[in-house]
Amino acid sequence: MKQEILDADIRNVKNWNACGFIDNDIILVDELKTDLITTEARRMNYILLGLCLRGEANYTIDTVEQKVLPGDIIILTDRHVIDKFHASSNLDARCIAISKSYFYEVMRDMSDLSSLLLFSKCNPIVSLTADEITVFLDYFQFIKRKVNEEQNPFRKRLVSGLLLAMFYDLSNVIKRLERPEKHRQSRAEIIFTQFIKLVEQNYLTERRVSWYAQQICITPKYLSESVKQISKRSPNDWIDNYVVLEIRLQLKNSNKSIKEIAESLHFPNQSFLGKYFKEHVGVSPSAYRRS
């Protein structure tokens, strides 16, 4: 009998020979210890970027075989299942692991997050030019330096800004690769992109899957099937992710009372928001604010 696929734990990335980290939100690795990477199937619950400089690695993403060569960058987002990892003895890579909550906090101001997510789903491995490799390594070294400035009270905010800039540069790589002759988007890909853009614009007031389906002129069932096909997550998962992130941000970065936050996010009352937040985060809003 097959065992249930376990979630990948971002804390284990520190065992890969971490050269810097902030809590369990961002972890950097510059000399990868591949013998400590599990070869068993794991479902990603964090975001991983990795640039191969030497050697090669093989693994599967959602059962599809992948091969990484020098100059390739991998972009792995959450919910993908990684299995059968094997690397050559001379593998040299730079890795950045980012927790889901921190990733979406950093990316909340990115103008077209949906395009990046869709591209990484369809293209988990991208070959960089020599100039693009240099740019990524520059970001890595600068982020590493700021991560290790433990006495800097603005450390995490500085790192957030650098990460956002890096992802914009990755988006520029995507624009280079998106030629007119690229494969025609499937109907599911088009629906997913439309859905994410609608969520980004309306999650403060609309949380019903049926409402989003109506805007795209399809049934809720068809919307759910399309979103799951592309992202491995349900529409409700995506909506909840945006809402929970907004609650986190307001709890940590505003003086609003929990009642005021509930009103700003159009919850029926403070108690309803409290139950919703605890269900998704594991602690009450007040406990999260104190932490």
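These numbers come from the heavy atoms of this one structure, side chains and all, not from hydrogens, waters or symmetry mates.
Screening Val159, Ile47, Asp23, Leu245 for a side-chain contact (heavy atoms from CB on, under 4.5 Å) involving Tyr102 leaves a single residue, Val159.
In this structure, Gln250 CD and Arg289 CZ are separated by 9.0 Å, a value rounded to the nearest 0.5 Å. Between atom CG of residue Leu162 and atom CZ of residue Arg145 there is a gap of 10.0 Å, rounded to the nearest 0.5 Å. Interatomic distance, CZ of Arg94 versus CD1 of Ile133, reported as 11.5 Å (0.5 Å rounding). Going from atom CG of Asn45 over to atom CD1 of Ile10 covers 7.5 Å, rounded to the nearest 0.5 Å. Annotation: the span from Ile26 atom CD1 to Ile143 atom CD1 amounts to 5.5 Å, rounded to 0.5 Å. Atoms CD1 and CG, on Ile98 and Leu49 in that order, are 6.0 Å from each other to the nearest 0.5 Å.
Within the structure, no pair that satisfies the salt bridge (charged side-chain N to carboxylate O under 4.0 Å, His left out) test touches residues 253-263, not counting sequence neighbours. The ring-ring contact (aromatic ring centres under 6.0 Å, His included) contacts involving residues 202-238 comprise Phe192-Trp238, Phe195-Tyr212, Tyr203-Tyr242, where partners must be two or more places apart or lie in separate chains.
With respect to Lys146 and Glu149, a salt bridge is recorded, a charged nitrogen being found less than 4.0 Å from a carboxylate O. Look at Glu189 and Arg187 and you find no salt bridge, because none of the NZ, NE, NH1 or NH2 atoms lies under 4.0 Å from a carboxylate O.
The main-chain N or O of Leu204 is found under 3.5 Å from a side-chain atom of His266 such that the two form a donor-acceptor pair. Formation of a donor-acceptor pair under 3.5 Å by the Ser224 side chain with backbone atoms of Lys221 is not found in this model. A donor-acceptor contact shorter than 3.5 Å is absent between the side chain of Ser160 and the backbone of Val106. Judged purely by atom type and a 3.5 angstrom limit, Arg155 has no side-chain atom pairing as donor or acceptor with the backbone of Glu150.
Every residue meeting the salt bridge (Lys or Arg N to Asp or Glu O under 4.0 Å) condition with Arg233, not counting sequence neighbours, appears here in chain and number order: Asp78. Remark: Asp25 engages Lys156 in a salt bridge (Lys or Arg N to Asp or Glu O under 4.0 Å) (not counting sequence neighbours). Taking the side-chain contact (heavy atoms from CB on, under 4.5 Å) definition, one finds that Ala287 meets it with Val283, Ser284, Arg290, sequence neighbours left out. Under the side-chain contact (heavy atoms from CB on, under 4.5 Å) criterion, Ile75 pairs with Ser120, sequence neighbours left out. Every ring-ring contact (aromatic ring centres under 6.0 Å, His included) that Phe167 has, sequence neighbours left out, goes to Phe103. Taking Asn90 as the reference, Arg54, Ser88 meet the side-chain contact (heavy atoms from CB on, under 4.5 Å) condition, with sequence neighbours excluded. Taking the salt bridge (Lys or Arg N to Asp or Glu O under 4.0 Å) definition, one finds that Lys67 meets it with Glu56, sequence neighbours left out. With sequence neighbours excluded, the residues that form a side-chain contact (heavy atoms from CB on, under 4.5 Å) with Asp169 are Val135, Tyr139. Partners of Asp30 under the salt bridge (Lys or Arg N to Asp or Glu O under 4.0 Å) rule, at least two apart in sequence or in another chain, are Lys144.
Between the side chains of Asp237 and Ser234, at least one donor-acceptor pair of N or O atoms lies under 3.5 Å. Judged purely by distance below 3.5 Å, without hydrogens or angles, the side chains of Gln229 and Glu225 never pair a donor atom with an acceptor atom. Judged by distance alone, the side chains of His86 and Asn58 never bring a donor and an acceptor atom under 3.5 Å apart.
Through direct or indirect side-chain contacts shorter than 4.5 Å among Ile, Leu, Val, Met, Phe, Trp and Tyr, Phe154 is connected to Leu158.
Other residues, nucleotides and ligands place no more than 12 heavy atoms under 6.0 Å from the CD atom of Gln214. Few gaps surround OH on Tyr288; more than 12 heavy atoms of other groups in view lie less than 6.0 Å from it. Around atom NZ of Lys228, no more than 12 heavy atoms belonging to other residues, nucleotides or ligands sit under 6.0 Å away.
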Assess the residue pair Arg42 and Glu40 against the criterion (salt bridge (charged side-chain N to carboxylate O under 4.0 Å, His left out)); give the C-alpha distance rounded to whole Å, side-chain angles, the decisive distance to 0.1 Å, and a yes or no. CA-CA 6 Å; Arg42 288 290 186 271; Glu40 297 177 347; 3.5 Å; yes

Before you tell me yes or no, could you show the steps for Lys197 and Glu200 under salt bridge (charged side-chain N to carboxylate O under 4.0 Å, His left out), namely the whole-Å CA-CA distance, both residues' side-chain angles and the distance that decides it to 0.1 Å? CA-CA 5 Å; Lys197 287 182 177 178; Glu200 290 173 351; over 6 Å; no

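A cation-pi contact, defined as under 6.0 Å to the ring centre and within 45° of the axis, is absent between Lys100 and Tyr46. A cation-pi contact, defined as under 6.0 Å to the ring centre and within 45° of the axis, links Arg207 to Phe267.
Taken together through direct or relayed side-chain contacts under 4.5 Å among Ile, Leu, Val, Met, Phe, Trp and Tyr, Leu69 and Ile61 form parts of separate hydrophobic clusters.
Side-chain atoms of Tyr59 and Glu65, non-hydrogen and from C-beta on, never get closer than 4.5 Å to each other.
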